[in-house]
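Everything on this sheet refers to the single structure shown next.
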Number of protein chains: 2
Amino acid sequence: MRVDDRVNQLVRRPTISDVASAAGVSKTAVSFAFNQPGRLAPNTASRIRSVADTLGYRPHPVARMLTQGRTRSIGILTPQALAIVFENPYFGTFNAGVAVAAEAAGYALHFISPLQGSLARAVGRATVDGVVAVGLSADHPEVEQIRRAGLPMVLVDSSALPDQPSIEVDDEGGARLAAEHLVGLGHRAFVVLSIAPSERVSGEDPDGVPARRLRGYRAALAAAGIALPDEAIVTSEATIPGGAASFAEAWDAGQRPTAVLAMSDATAVGAMRAARERGLSVPGDISVVGFDDVDLARFADPALTTIHQPIARKGEQAVRLLIAILGGDAAEPIHETLATRLVARASTGPAPIDRRRAD
Amino acid sequence: MRVDDRVNQLVRRPTISDVASAAGVSKTAVSFAFNQPGRLAPNTASRIRSVADTLGYRPHPVARMLTQGRTRSIGILTPQALAIVFENPYFGTFNAGVAVAAEAAGYALHFISPLQGSLARAVGRATVDGVVAVGLSADHPEVEQIRRAGLPMVLVDSSALPDQPSIEVDDEGGARLAAEHLVGLGHRAFVVLSIAPSERVSGEDPDGVPARRLRGYRAALAAAGIALPDEAIVTSEATIPGGAASFAEAWDAGQRPTAVLAMSDATAVGAMRAARERGLSVPGDISVVGFDDVDLARFADPALTTIHQPIARKGEQAVRLLIAILGGDAAEPIHETLATRLVARASTGPAPIDRRRAD
DNA sequence: CCGGTTTAGCAAACCGGTTTAGGCGACGCT
DNA sequence: AGCGTCGCCTAAACCGGTTTGCTAAACCGG
């Protein structure tokens, strides 16, 4: 008997009923003491509080969620494994923006990623009031699942759906700026380093981020009368080694660009490294433009010319929009597109004169 | 009437009772259909399932948590704001390790950080089965709060408590290696760049990570008969600008070290930058050793000699230990200390001969 | 001393599931 | 025919809170 008591005392956390009976009041009174102290006589309230305190009582958050019908936390949904997300500086900055907005509004953060291979299962388990989905293409069935579950969702870096709120960045315009910058420096021979997540097969999503950036490159080049043959487009995952491999592949296949358009800063840095290994100087022989403007771009050597996008602000805005929707504001689906801009640093310069002949 | 119905249909998600009555069975049957289909006749089970499907029914995760008494998610607790955590590459790698172990065990991830300034409140709200606390010193009252709440917890990078499971790294040993490396290269004049989180005042925690590293430095220097005066220890936050400022402070105060012992890679890189700005060459005039071995160290120019610690593995181990505890294994509090090692790269070299005289 | 208004606190319903303890009819066996 | 067993399903209790009436006592003015 006594042993059981002790075990229970150690193992079971006190419930509201325990506090109620210990204080000689009803559960209601205890609840009031915490949530609407005004409805109790002042000394009753404080007595209940002190009893609760000595018992070590904390209202059970799950029970609370159930009755209140909300969790006060929001989910970040990514199709990649979380390990990849956390290691990636781009997501680091994005998540920082998310965190700022969430903390300001008093929401906790919950990460939803494929659980045992199934995003669907993970979504089903998630106790969140709403979701910010990152990098989800329209063909992901989860989008439909979440909508049917009635979970408010804001899409980011995804193929936009007309009736789904989203925060985007002007990828196409940014890409155009990058290409125009190089064209303006006299470059005529290009290689494009495209990116694709390693896990997904459908790199063909016509509305995905890579497709939009490619359209921008193409538009600027076409305007200058420059052709971009298929073999000048090489795809890898968005990492430094990936970029190095892509550049190597193009170069070793005999292509002789004077400029590289990279869809991410990481691939750009990888390309610079591979170029240097082949005895080329950046920007003397080859100019490189990245995309995103993560920290890496500033610290690279030479500092990387790149397209800046407001990564953290994108996260912030997405959360703000989501919270507005949760609050019942924002009746219409809202789409917002943030601007991009060129940041010229040291990795781009004039096209070498007679580069081809000197070869 | 009809309007109300429609509104409900849109707004209210179907509950288990809705499914039950639609399928003409009891709630129990519906529950069984999802959780223990074997207890139902095969065609009953599939009929219920299809009814549930057309209704768009998903078991409510919060209700489930309440009855099952567990959330299947674990919390990462940090005293810093999440924005800082996510931007920091160290945490990025750590979290990646955490994510690997959590995903493997089918646990979701929940981040707990001061909510409206109060870590206590955030902990109270958190629906998690257990917590991995990072960089919490013993004087944080939250440690006690969590223990009283009966929430299993594993401490990481914290001042170890004897009865609390923890995963540590051999900070002192690593620091000793760093100092011995420099001593072995002939250095006799040192500056130590210590680190302290900007928010916390109590940089005095005698068991905190900085204190442990300082002990290691001191031990190695003392063994070589080298004094480390107080003014040779400068503190900043663990960022590149912080390190640059620290080095500048020491140098401009007239100190003329030939070697810098930095407690983080970021401060080390900052110091290298500040040194170069003063016309010093690294490692020609000044050698620099960092700590942690984050990606930055490899990519810095010159590549940074540093103390490697298994950051991601620390996260993985912490989660594994936590999950073992949740599973009822691991009766005794467990402490684990992972090894550190020196990674010699290009930022360290022999002490300059007659450096002082040439000045 | 009475009727009306506060005030303080309670019982019970509810949130949306899971789980225990049976109930009921069909079947097999003797 | 009687009885035990099994297969299939259900009623009701439960998880730990919040919230909605409602009641009984205290208070108040006339």
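In the text below, chain A, chain B and the rest are named by the order of the sequence lines, each starting its count at 1.
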Is it the case that the side chains of A:Ser166 and A:His335 hold a donor-acceptor pair, with the cut-off being a distance below 3.5 Å and no angle test? yes
Atom CZ of A:Arg13 and atom P of D:dG16: how far apart are they, to the nearest Å? 9 Å
Contact list for residues 112-132 of chain B, test side-chain hydrogen bond (donor to acceptor under 3.5 Å, both in side chains), sequence neighbours left out: A:Glu103-B:Ser113, B:Thr71-B:Asp129
Applying side-chain contact (heavy atoms from CB on, under 4.5 Å), run through B:Ile325 and B:Val154 and close with a yes or a no. CA-CA 9 Å; B:Ile325 294 172; B:Val154 171; 4.3 Å; yes
Should the pair B:Tyr90 and B:Phe94 be assigned to parallel (<30°), tilted (30 to 60°) or perpendicular (>60°) ring geometry? parallel
Taking the six-membered ring for Trp, is the centroid-to-centroid distance between A:Phe86 and B:Phe91 below 6.0 Å? no
Expressed as a whole number of angstroms, how long is the span from B:Arg70:CZ to C:dG17:P? 18 Å
State which residues pass side-chain contact (heavy atoms from CB on, under 4.5 Å) with B:Arg320; sequence neighbours excluded, sorted by chain then number. B:Ala101, B:Glu316, B:Gln317
Base, sugar-phosphate or nothing for A:Arg58? Non-hydrogen atoms, less than 4.0 Å. sugar-phosphate
When pairs are called at under 3.5 Å and a stem needs at least three consecutive Watson-Crick or G-U pairs, the stems of DNA chain D are C:1-30 with D:1-30
Between P on D:dC8 and CD on B:Gln36, what's the gap in Å once rounded to a whole number? 14 Å
Got a list of protein N/O to nucleotides 6-13 of chain C N/O distances below 3.5 Å?
unit_1: C:dG9; atom_1: OP1; unit_2: A:Thr44; atom_2: OG1; d: 2.9
unit_1: C:dG9; atom_1: OP2; unit_2: A:Ala41; atom_2: N; d: 3.0
unit_1: C:dG9; atom_1: OP2; unit_2: A:Thr44; atom_2: OG1; d: 3.4
unit_1: C:dC10; atom_1: OP2; unit_2: A:Ser26; atom_2: N; d: 2.9
unit_1: C:dC10; atom_1: OP2; unit_2: A:Ser26; atom_2: OG; d: 2.9
unit_1: C:dA11; atom_1: N6; unit_2: A:Thr28; atom_2: OG1; d: 2.8

Would you please test A:Leu326 and A:Tyr107 for side-chain contact (heavy atoms from CB on, under 4.5 Å) and show each step? CA-CA 11 Å; A:Leu326 292 180; A:Tyr107 278 79; 3.8 Å; yes
Using atom CZ of A:Phe34 as one end and atom C1' of D:dT19 as the other, report the distance to the nearest whole Å. 17 Å
N/O donor-acceptor pair under 3.5 Å between A:Gln164 side chain and A:Met153 backbone: yes
Report yes if a side-chain nitrogen or oxygen of B:Ser31 is closer than 4.0 Å to either non-bridging phosphate oxygen (OP1 or OP2) of C:dG17; otherwise report no. no
Residue-phosphate contact under 4.0 Å: A:Tyr57 side-chain N/O, D:dG16 OP1/OP2: no
Between D:dT18 atom P and A:Ile48 atom CD1, what is the distance in whole Å? 12 Å
Over how many whole Å does the gap from A:Arg125 atom CZ to C:dG16 atom P extend? 20 Å
If you look only at distance, which donor and acceptor atoms sit under 3.5 Å apart when one is on a side chain in residues 51-64 of chain A and the other is two or more places apart or in another chain?
unit_1: A:Thr54; atom_1: OG1; unit_2: A:Val51; atom_2: O; d: 2.9
unit_1: A:His60; atom_1: ND1; unit_2: A:Val62; atom_2: N; d: 3.1
unit_1: A:Arg64; atom_1: NH2; unit_2: A:Asn35; atom_2: OD1; d: 2.7

Can you measure B:Leu55 atom CG to C:dG16 atom P for me and round it to whole angstrom units? 14 Å
A:Asp18 and A:Arg13 ion-paired at < 4.0 Å: no
If I take atom CG in residue A:Asp18 and atom C1' in nucleotide D:dG17, what distance separates them, rounded to the nearest angstrom? 13 Å
Residues touching DNA chain D, which here means a heavy atom under 4.0 Å, drawn from residues 59-67 of chain A: A:Pro59, A:His60, A:Ala63, A:Arg64, A:Leu66, A:Thr67
Quick check: closest heavy atoms across A:Ile16 and A:Ser31, and the distance to 0.1 Å? CD1-N, 3.9 Å
